[in-house]
Amino acid sequence: MKQFFTAGILAWNELHNDRSMPWKKEKDPYRIWLSEIILQQTRVEQGRPYYERFIAAYPAITDLAAAPDEEVFRLWQGLGYYARCKNMLAAARTVAQQHQGRFPDTYEGITALKGVGAYTAAAIASFAYNLPHAVLDGNVYRVLARFFGIDTPTDTTAGKKLFTQLAQDVLPGQQAGTYNQAIMDFGAVVCKPQTPLCKSCRLSSQCEAFQKGLTDLVPVKSKKLRIKKRYFYYLLSGNGSLRYVRKRTGKDIWQNLHEFPMIETPAPVTDAELLSLPAFRALAGPGNIRIESASPEKKQQLTHQTIHARFLRIGPETEVLPPEGFRAVSAAELDRLAFPKIIVDFLKG
DNA sequence: AATTCGGGGGC
DNA sequence: GCCCCAGAATT
C-alpha cells in the first residue's frame, strides 16, 4: 500500500509537474530558503511577488544580511506574520557572520537557523541537497490522512508524531526532492481541501477516504478558533504632512511595524467618551480638545482577532510636540517605514 | 499542550 | 461567516 502510494505520487508528477514556481529546479539554497520562509502559511500566488522583489533587492544572502532592518521590514510589509521577517534577518546574519556566507548543507545546520522548523528544514535539505527528509505541510497532512484513512487530529502532538513517521515511511529516499515537491503539488492540485478531484485521481482505487466516502471528514483538526474584537482609535493632530509614529514592540500583533498615537478600547466608544479618557488627554496634549473629522470604521480580520479602527483628526492645536515615545516623521520617511495593512490603506487614502 | 502570530482567497 | 494556505515560536 505504501509502495503504491509513493509510486502513484511520482507517476502523477511525471505527467503533471507543470505547476510553475519561481524556485522549481532551483538549487541555490539561499533562494530555496527565502521562498520557503515567504511561503510559510502563505499561498504561492500571494508570496510570489514578494519573492521576486527580495531576490531583486538581495541577490545573495550576504546582501540581505547587510541590509538595514527597516528596509527589509518595508519590503515585507503586507505579507503578514512579521516574526518571519525578523527571524529571516537573524538567520541571514548568522549565515553571513558565522558560516562565511555559505548556507549550511546539513539538516542539523539548516534547522538551527531562526525561523526554520521541521517543514522548512526538510524542504531545504531535500530541494537543495536531495537529503532524505520528508516535508510535512498542510498538503501532506491532507493527502496522507485521506489515502491512509487517518482521523487522528493533525493539530495534536500525537497527530504530528504519527504523520511525521508516516511521511518519512513513504518517502523514496533517493528522490526526496522530487517527491517532496510532487506530494505538495498533488495536494494543491488534485487532493484539494474542497472538492478534491477524486474521479481523475490515480490513487482513488486504494484511497481509504475515497472508498469510504470520507474525503470531507479527513483530515481532522481538533481546535476551534476564538476570535476577539479590538477597537483602535488612531489620533492624527493637524501638523501639516508630519505624522507622529512609533514602532510596536510589545508582545502583541504587528511587532516591528509602526503606528500613530492610538487608544485601544475593548468595546466601541463614542467620540465624547473618547475625549474624556485620560489616555486621550495624555496623547493629544492640552491644545487638542475635539475631534475635527473622523474616518468611517475600517475592519481588519486577523487569525484570532478582528480589528475595528477609526482614524480621527484632532484639534484645534496645530503646533504640538510628539507624545511620549513618538517621533515626528515626514511624508518621505513614512514611505520607508513598515505599517500594518489597515494603516497602509488609510495612508493611500 | 495550547496559544499566537497576517493577510488573502475560495465557497 | 468559516476554512485553508509549501508553519514556527512562545507560553
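So you know, we letter chains A, B, ... as the sequences are listed, proteins then strands, and number each from 1.
Across B:dG9, C:dG7, B:dT4, the shortest atom-to-atom separation from the side chain of A:Tyr119 is found for C:dG7. The listed nucleotides are B:dG6, C:dA6, B:dA2; the one nearest the side chain of A:Met184 is C:dA6. Of the candidates C:dA6, C:dC4, B:dC5, C:dC4 carries the atom nearest the A:Lys221 side chain, counting heavy atoms from C-beta on.
Comparing A:Val44 and A:Ile227 by the nucleotide of DNA chain C that holds the closest heavy atom to each, the one mapping nearer the 5' end is A:Ile227. Along DNA chain B, the nucleotide nearest to A:Lys251 and the one nearest to A:Thr157 differ in position, and the one closer to the 5' end is contacted by A:Thr157. A residue-by-residue look at A:Lys341 and A:Thr156 shows that A:Thr156 has its nearest nucleotide of DNA chain B further toward the 5' end.
Using a 4.0 Å heavy-atom criterion, one finds that A:Glu36 contacts the bases of the nucleic acid, with or without backbone contacts as well. Heavy atoms of A:Arg142 sit under 4.0 angstrom from primed sugar atoms or phosphate atoms, though from no base atom. Within 4.0 Å of A:Lys114, counting heavy atoms only, lie sugar-phosphate atoms of the nucleic acid but no base atom. Residue A:Leu136 is out of contact with every strand shown, counting any heavy-atom pair closer than 4.0 Å. The residue A:Val135 sits apart from the nucleic acid: no heavy atom pair falls under 4.0 Å. Using a 4.0 Å heavy-atom distance criterion, A:Gly47 is classed as making no nucleic acid contact. At a threshold of 4.0 angstrom between heavy atoms, the contacts of A:Asp155 with the nucleic acid are absent.
Regarding A:Lys299, its NZ atom lies at a distance of 6 Å from the P atom of C:dG1, rounded to whole Å. The interatomic distance linking A:Tyr141 (OH) with C:dA8 (C1') rounds to 12 Å, in whole Å. What separates CD of A:Glu45 from P of C:dA6 is a distance of 10 Å, to the nearest Å.
A sub-4.0 Å separation between OP1 or OP2 of B:dG6 and a side-chain N or O of A:Gln300 is absent. The phosphate of C:dC5 (OP1 or OP2) has no side-chain N or O of A:Gln41 nearer than 4.0 angstrom. Contact check, A:Gln305 against B:dT4: no side-chain N or O comes under 4.0 Å of OP1 or OP2. Look at A:Arg43 and you won't find any side-chain N or O under 4.0 angstrom from OP1 or OP2 of B:dG10. Contact between the side-chain N/O atoms of A:Trp254 and the OP1/OP2 oxygens of B:dG7 is found at a separation under 4.0 Å. Look at A:Thr120 and you'll find a side-chain N or O under 4.0 angstrom from OP1 or OP2 of C:dA8.
Classification of the A:Phe232-A:Tyr234 ring pair by plane angle, with boundaries at 30° and 60°, yields perpendicular. Using the six-membered ring where Trp is involved, A:Phe339 and A:His258 have ring planes that are tilted, between 30° and 60° apart.
Counting atom types as modelled, A:Gln46 pairs a side-chain N or O with a base atom of B:dG7 as donor and acceptor under 3.5 Å. Judged by distance alone with a 3.5 Å cut-off, no donor-acceptor contact links the side chain of A:Arg84 to the base of B:dC5. On a pure distance criterion of 3.5 Å, no polar donor-acceptor pair joins the side chain of A:Thr42 and the base of B:dG7.
Using a distance-only test at 3.5 Å, with no hydrogens or angles considered, a donor-acceptor pair links the side chain of A:Thr6 to the main chain of A:Val170. At distances below 3.5 Å, not a single donor-acceptor pair connects side-chain atoms of A:Tyr244 with backbone N or O atoms of A:Gly325.
Between A:Glu71 and A:Arg336, none of the side-chain N atoms (NZ, or NE/NH1/NH2) sits under 4.0 Å from a carboxylate O, so this pair counts as no salt bridge.
Residues A:Glu36 and A:Tyr119 have side chains that bring a donor and an acceptor to within less than 3.5 angstrom of each other.
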